[in-house]
There are 2 protein chains.
Amino acid sequence: MARPRRRDDVLRTATTRFYEHGIAATGVDRLAADAGVAKMTLYNNFASKDDLVVAYLEHRDREFFERLDEHVADHHGNARRRAMAVVDVYEHYVRQDGFRGCAFINAAAELPRDHPGREVVRRHKAAVRDRWTDLIAALGHDEPHRLAHECCLLLEGAFVYAGLGVDDEPLAGVRELIHRRLATTTDR
Amino acid sequence: MARPRRRDDVLRTATTRFYEHGIAATGVDRLAADAGVAKMTLYNNFASKDDLVVAYLEHRDREFFERLDEHVADHHGNARRRAMAVVDVYEHYVRQDGFRGCAFINAAAELPRDHPGREVVRRHKAAVRDRWTDLIAALGHDEPHRLAHECCLLLEGAFVYAGLGVDDEPLAGVRELIHRRLATTTDR
DNA sequence: AAGTAACTAGACAGGTCGGTCTGTCTAGGT
DNA sequence: ACCTAGACAGACCGACCTGTCTAGTTACTT
């Protein structure tokens, strides 16, 4: 039996529209229409718009880490190159047409403080940092947590600047910066 | 003659409400009511809500740099300490009750790509980096642009993480990181 | 071929949105 | 004492919002 096709249609459409136009600016009527689905089908698959927002963020989170896993697998044997895979993935998103900054940060900016989606965002960013830590630990650094934190900040900062369009070649500088940082075994 | 008082009331109220609840989530009716002002007074002072949004962002930009100037002035004579004033100001915002991340990034996340407010945000972040560059150049570094860029990324990344509430003591790490970075005269 | 579960379009309710308009009131300047 | 600019409250507009409901249709399973 096929996966629930309509649900995927809705989720896929939400993924692009929520990102491109923002969550609040995307009404469920238009969303359903764009997905080629009746509004009731949307509400049969998701309890509410808020519920759909959470599903959207979880979907993006899954997609991100799948992509990261692929990039990491592409370079097995080369630990430093594997660590740089995180930068690769961020760069992939920056290069997308209609790039508008980090989907998670943008969502968090729109959601009220008690919205369950914010927790998804929080967990995602924490997971990214954990992944950095693992990859850096594999490099044999003495303080992987600390270095991972630093890489996170650099990359996240560059992602934000890229989203605002402050720079022309946004991630080039940070790639070099992180690459050099990973080479230094002493971290002071 | 007094400054246009009502206009300031509106702008001040917008500054808190737009930040705390988001721009889209703040209706003009409620905004006017909170400011203790008739809706028509709001529209007599601002052409549209979009216009008010731009004024809001410019107001925050002004406020930010005024605060920065004060902090810089507090440490005249000590160039490194002056540079760290940027971190001081960011920390001031992080410590505020109801801190919800960078007002400019949050606004940009909500605004459509062609909204004039986005340009204000872009200019603000570019101005912050320029200020970093000046402060670092005063330290006698050989490549102030490059180091300023790095400090920007670190601080901006930390600001984002702080806004999401990933860490408990969000800016402590980055302060030490930047402080140490500014000590190194060679920047490789 | 029959049954059933999922889908469809569209109306509907109750609210909020940005923005306009009217008519009244009040404070200051002359 | 009069005039005027600006602020007032509140009705009003059309558009859009989330979410519900109904009634008819499609498509798969047995």
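Letters A, B, ... mirror the listed sequences (proteins, then strands); counts begin at 1. Fair warning: this is a prediction, and the values are worked out from it, not measured in the lab.
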Nearest-Å distance, [atom1] ([X]) to [atom2] ([N])?
X: Asp51(A); N: dT18(D); atom1: CG; atom2: P; value: 14 Å
X: Met40(A); N: dG19(D); atom1: CE; atom2: P; value: 12 Å
X: Arg17(A); N: dC17(D); atom1: CZ; atom2: C1'; value: 15 Å
X: Leu52(A); N: dG19(D); atom1: CG; atom2: P; value: 10 Å
X: Asp29(A); N: dA9(C); atom1: CG; atom2: P; value: 12 Å
X: Arg5(A); N: dA6(C); atom1: CZ; atom2: P; value: 14 Å
X: Arg7(A); N: dA5(C); atom1: CZ; atom2: C1'; value: 18 Å
X: Asn45(A); N: dG19(D); atom1: CG; atom2: P; value: 15 Å

Mind checking if Asn44(B) touches a base, just sugar-phosphate, or nothing, with heavy atoms under 4.0 Å?
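Since no nucleic acid heavy atom lies under 4.0 Å of Asn44(B), the category is nothing.
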Using a 4.0 Å heavy-atom cut-off, does Thr41(B) contact any base of the nucleic acid, only the sugar-phosphate backbone, or nothing at all?
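The answer is sugar-phosphate, as Thr41(B) gets under 4.0 Å only of primed atoms, P, OP1 or OP2.
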Measure the acute angle between the ring planes of Phe99(A) and Tyr19(A), then classify it against the limits of 30° and 60° as parallel, tilted or perpendicular.
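Tilted.
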Any salt bridge between [X] and [Y], counting N to O under 4.0 Å?
X: Arg146(A); Y: Glu150(A); result: no
X: Arg81(B); Y: Asp88(B); result: yes
X: Arg122(B); Y: Glu119(B); result: yes
X: Glu66(B); Y: Arg62(B); result: no

Give the nucleotide from the list [options] with an atom nearest to the side chain of [X].
X: Ser48(B); options: dG19(C), dG19(D), dC8(D); answer: dG19(C)
X: Arg6(B); options: dA9(C), dA7(D), dG19(D); answer: dA7(D)
X: Tyr43(B); options: dG18(C), dC8(D), dT8(C); answer: dG18(C)
X: Lys49(A); options: dG18(C), dC21(D), dG19(D); answer: dG19(D)

Side-chain donor/acceptor contact of Lys39(A) with base of dG19(D) under 3.5 Å
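A donor-acceptor contact between them is present.
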